[in-house]
Amino acid sequence: MSEEKLSVFPMGEKNDAYARYFVGQSYLKMLTTEGVAIGNVTFEPGCRNNWHIHHQGGQILLVTGGRGYYQEWGKPARELNAGDVVNIPPEVKHWHGAAPDSWFAHLAVEVPAAGASNEWLEPVTDAEYGNLK
């Protein structure tokens, strides 16, 4: 699947502002920042974000295209495909990103909460990523 057909939402520009929190190239298009922040995040094949935690509010992922993964700390990774929804509770260490052989896109919905913040942690190692099926 080509990146142009991943989503009805625009792909956005290279995600340079958050590049230090990703292995590989991602793209970001904020769809809205009013009330509830929603961003269209697109990952090139093999791209994934670092382990991270959403404090207070959590996050919801709405997968729009491609194939990717979501993994919580201490649990096996879950394959994601278009139409999948991931509800990420606050305070859960996790990562998400593309499969090695596929582009991947999701809408990232930040759940509003007083004092909400993100804590970026260590990268997902090549060894961890290489164990995905």
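Hydrogens, waters and symmetry mates play no part in the numbers below; they use all other heavy atoms, side chains included.
Hydrophobic cluster membership is shared by Met11 and Leu6, with clusters built from Ile, Leu, Val, Met, Phe, Trp and Tyr side chains linked at under 4.5 angstrom. Put simply, Val86 and Val41 are part of the same group of oily side chains (I, L, V, M, F, W, Y) that touch within less than 4.5 Å, one to the next. Under the 4.5 Å side-chain heavy-atom criterion for Ile, Leu, Val, Met, Phe, Trp and Tyr, Val63 and Ile88 are members of the same hydrophobic cluster. Both Leu62 and Val111 belong to a single network of hydrophobic side chains, linked directly or stepwise wherever heavy atoms of I, L, V, M, F, W or Y lie under 4.5 Å apart. Under the 4.5 Å side-chain heavy-atom criterion for Ile, Leu, Val, Met, Phe, Trp and Tyr, Trp73 and Trp95 are members of the same hydrophobic cluster.
Taking every heavy atom of both residues into account, Asp101 and Pro45 meet most closely at C-CB, 4.2 Å. The heavy-atom pair separating Asn40 from His106 by the smallest distance is OD1-O, 3.5 Å. When all heavy atoms are compared, the tightest approach of Gln56 to Ala116 is CB-CA, 3.7 Å. The two residues Tyr69 and Pro100 have their closest heavy-atom pair at CE1-CD, 4.4 Å. Between Arg48 and Asp126 the shortest heavy-atom distance is NH2-OD1, 2.8 Å.
Here Gln71 contributes atom CD and His94 contributes atom NE2; the two are 11.0 Å apart, rounded to the nearest 0.5 Å. One distance of note links NE2 of His52 with CG of Leu121; it measures 9.0 Å at 0.5 Å rounding. Atoms OH and CG, on Tyr70 and Asp84 in that order, are 13.0 Å from each other to the nearest 0.5 Å. Atom CG of residue Asn118 and atom OH of residue Tyr18 lie 7.5 Å apart, to the nearest 0.5 angstrom. Atom SG of residue Cys47 and atom OH of residue Tyr129 lie 8.5 Å apart, to the nearest 0.5 angstrom. A distance of 8.5 Å separates CG of Asn50 from OH of Tyr21, quoted to the nearest 0.5 Å.
When the shell of 6.0 Å around CD of Glu122 is examined, it contains more than 12 heavy atoms from other residues, nucleotides or ligands.
No side-chain heavy atom of Val8 sits under 4.5 Å from any side-chain heavy atom of Thr64. Using a 4.5 Å heavy-atom cutoff, the side chains of Val124 and Trp51 are in contact. For the pair Ser117/His55, a side-chain contact is recorded, criterion being any heavy-atom separation below 4.5 Å from C-beta on.
Using modelled atom types, one side-chain atom of Ser102 and one backbone atom of Arg67 make a donor-acceptor pair closer than 3.5 Å. Not a single donor-acceptor pair under 3.5 Å links the side chain of Arg78 to the backbone N or O of Pro76.
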Show me the donor-acceptor pairs within less than 3.5 Å that the side chains of residues 27-39 make with the rest of the protein, sequence neighbours left out.
from, atom 1, to, atom 2, distance (Å)
Tyr27, OH, Glu44, OE2, 2.5
Thr32, OG1, Glu34, N, 3.1

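Relative orientation of the Phe43 and His96 rings is perpendicular, given thresholds of 30° and 60° on the angle between their planes.
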